[in-house]
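For reference, positions follow the sequence shown, starting with 1. We use all heavy atoms of the structure for the numbers below, so side chains are in, but hydrogens, waters and symmetry mates are not.
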Amino acid sequence: MLFGLPSDNFPFPNPDQLQQWHQGIKDANRNNIFCCCRACGYEWMDSKFDVTCIKCSSKDVESISSWQFPDD
């Protein structure tokens, strides 16, 4: 069992495939995380989730992976 899932239900049969999946998510997030400061309303694109607003230095920032949403 891995992460509480029976091995026959785990979508990655080996650790290398799981690592490739994680790397794909990191690559997709590169410059594709929409950030919006809840304090001042400033919006920008970033590559990290845990960011500080560059306008007002607030740490109250909402971060969303924009690649998850369709363009239309």
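Between the side chains of Q20 and D16, no donor-acceptor pair of N or O atoms lies under 3.5 Å.
Between F12 and L18, the shortest heavy-atom distance links the atoms CD1-CD1, 3.6 Å. Of all non-hydrogen atoms in C53 and C40, the two that sit nearest each other are SG-SG, 3.7 Å. Contact between I54 and Y42 at its shortest, heavy atoms only, is CG1-CE2, 3.6 Å.
The environment of D50 atom CG is sparse: at most 12 non-hydrogen atoms of other residues, nucleotides or ligands sit within 6.0 angstrom.
Here CD1 of I33 is found 10.5 Å from CD1 of I64. Values are rounded to the nearest 0.5 Å. Between S65 atom OG and N32 atom CG the span is 8.5 Å, to the nearest 0.5 Å.
Using a 4.5 Å heavy-atom cutoff, the side chains of S63 and V51 are in contact. In this structure the side chain of C37 never reaches within 4.5 angstrom of the side chain of K55, judged on heavy atoms.
Put simply, the side chain of S47 gets close to the backbone of N31: a donor and an acceptor are under 3.5 Å apart.
Under the 4.5 Å side-chain heavy-atom criterion for grouping Ile, Leu, Val, Met, Phe, Trp and Tyr, M45 is not connected to F49 through any hydrophobic cluster.
For residues 56-68, the salt bridge (Lys or Arg N to Asp or Glu O under 4.0 Å) pairs, not counting sequence neighbours, are R38-D60.
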